Amino acid sequence: MPSLNRFPLLGLWAREAALRVGYIESEADVLGHAYAVLYAIRANSPVKAVKYKDAEAKVAAEQAKQEAVDIELLDFGGDGLQVSRNARGELVGKVGNAEPQTHQSYRYKVVSKFPAGYYEKLKTAFHTFLESYTPEKLDSRLIYTLYDQWKKQCAAGRLVDLDKLIDWCAKRKPESV
């Protein structure tokens, strides 16, 4: 039974929701990571300091820290996510005043955590499930509500059973909402 903790799964879920709502890939990565950080903080889980093995992610994080720009609240999924734009105009998550959430940090903190082959399987399952919702309907607390449903129904202790989750998405996909 392949399983995974909820942080990377919520990151991927929020990323796919952001794509459905209309964000471009790199911004969806940032929002997925930032959204997962927000809910880790709310769950009172400490956000661990990052020790990068990925050189590109480390460089991007350092640049994002140095490019201090005004922080704003971006409304996503019914939550205000702290974000800014770097000198190149790219979206940077600033949730929790910890390490910035970037396209590269998403790859490091979310994508790399999945067992072999499961990132793509779950990405497809989430995408297919979420395409049933209109962007207007989805960009609300519904993102978290649906996550909370599958998190509970596919739980394996504090982890999530990945095969159960793929099955949950396939069986519960609404016609069109």
Side-chain angles (χ1 to χ4, degrees), residues 4-52 54 56-114 119 122-123 126-127 129-152 160 177:
L4 188 62
N5 74 47
R6 295 181 302 255
F7 182 89
L9 288 165
L10 180 55
L12 175 56
W13 178 257
R15 177 199 189 274
E16 290 303 310
L19 287 171
R20 179 69 182 128
V21 168
Y23 288 92
I24 62 172
E25 295 257 346
S26 60
E27 290 183 344
D29 290 350
V30 170
L31 294 176
H33 188 185
Y35 193 81
V37 169
L38 176 68
Y39 279 91
I41 292 168
R42 286 184 177 170
N44 206 16
S45 299
V47 177
K48 297 176 186 170
V50 178
K51 294 179 183 171
Y52 290 102
D54 180 324
E56 186 181 350
K58 183 176 183 175
V59 169
E62 291 302 320
Q63 285 176 337
K65 279 183 188 176
Q66 293 170 1
E67 296 172 346
V69 191
D70 293 335
I71 293 178
E72 61 183 84
L73 285 181
L74 181 128
D75 185 37
F76 174 71
D79 285 298
L81 297 179
Q82 295 169 302
V83 298
S84 65
R85 298 254 174 207
N86 64 21
R88 293 170 303 287
E90 299 164 327
L91 189 67
V92 176
K94 298 286 191 168
V95 175
N97 298 321
E99 293 293 320
Q101 297 90 45
T102 64
H103 167 69
Q104 294 85 355
S105 70
Y106 174 83
R107 200 178 66 247
Y108 184 73
K109 295 292 281 181
V110 176
V111 177
S112 69
K113 306 304 180 190
F114 284 78
Y119 179 81
L122 282 155
K123 182 173 140 181
F126 289 170
H127 176 85
F129 180 88
L130 293 170
E131 72 185 357
S132 299
Y133 292 89
T134 64
E136 299 77 23
K137 175 92 173 167
L138 186 59
D139 194 9
S140 66
R141 293 288 302 153
L142 183 62
I143 294 172
Y144 187 83
T145 300
L146 291 168
Y147 157 77
D148 197 47
Q149 289 173 13
W150 63 250
K151 169 186 82 170
K152 290 174 183 171
V160 175
V177 184

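Note that these values count all heavy atoms, side chains included, but never hydrogens, waters or copies made by symmetry. Note that this is a predicted model, so its numbers are computed, not measured.
Without hydrogens or angle criteria, R6 side chain to K151 main chain gives no donor-acceptor distance under 3.5 Å. Distance alone, capped at 3.5 Å, is enough to place a donor-acceptor pair between the D139 side chain and the G77 backbone. Side chain of Q101 to backbone of E99: a donor-acceptor contact under 3.5 angstrom is found.
Interatomic distance, CG of L130 versus CG of L19, reported as 9.5 Å (0.5 Å rounding). Distance NE2/H127 to CD/E131: 4.5 Å, rounded to 0.5 Å. Within the model, atoms CD of E16 and CG of L138 stand 11.0 Å from one another, a figure rounded to the nearest 0.5 Å. Taking CH2 of W13 as the start and OH of Y35 as the end, the distance is 10.0 Å to the nearest 0.5 Å. Summarising the geometry, atom CG belonging to L38 is positioned 11.5 Å from atom NE2 belonging to H33; distances are rounded to the nearest 0.5 Å. Interatomic distance, Y147 OH to L12 CG, rounded to the nearest 0.5 Å: 12.0 Å.
Two residues are said to be in side-chain contact when any heavy atoms from C-beta on lie closer than 4.5 Å; E25 and R15 meet this criterion. For the pair V83 and K94, the minimum side-chain heavy-atom distance is 4.5 Å or more. Side-chain atoms of Y23 and L74, non-hydrogen and from C-beta on, do get closer than 4.5 Å to each other.
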### Message
Using side chain to side chain contact (heavy atoms under 4.5 Å, CB included), reason through L91 and L31 one step at a time and then give a plain yes or no.
### Response
CA-CA 9 Å; L91 189 67; L31 294 176; 4.0 Å; yes
### Task
Using the side chain to side chain contact (heavy atoms under 4.5 Å, CB included) rule, take R107 and D29 through it: C-alpha gap first, then chi angles, then the decisive distance, then the call.
CA-CA 8 Å; R107 200 178 66 247; D29 290 350; over 6 Å; no
### Message
Before you tell me yes or no, could you show the steps for V92 and V30 under side chain to side chain contact (heavy atoms under 4.5 Å, CB included), namely the whole-Å CA-CA distance, both residues' side-chain angles and the distance that decides it to 0.1 Å?
### Response
CA-CA 6 Å; V92 176; V30 170; 5.6 Å; no
### Task
List the steps and the verdict of side-chain hydrogen bond (donor to acceptor under 3.5 Å, both in side chains) for Y39 and R42.
CA-CA 5 Å; Y39 279 91; R42 286 184 177 170; 3.0 Å; yes
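Geometric assessment of K113 against the ring of Y108 yields a positive cation-pi assignment under the 6.0 Å and 45° thresholds.
Between D79 and R141 there is a salt bridge, since a side-chain N of the basic residue sits under 4.0 Å from a carboxylate O of the acidic one.
A34 and G93 get closest at one heavy-atom pair: CB-CA, 4.4 Å. The shortest heavy-atom contact between Q82 and G96 is OE1-N, 3.3 Å. Closest of all the heavy-atom pairs between G32 and A14 is CA-CB, 3.8 Å. Closest of all the heavy-atom pairs between P100 and S105 is O-OG, 3.7 Å.
When ring centroids are compared, F129 and F126 stay outside the 6.0 Å threshold.
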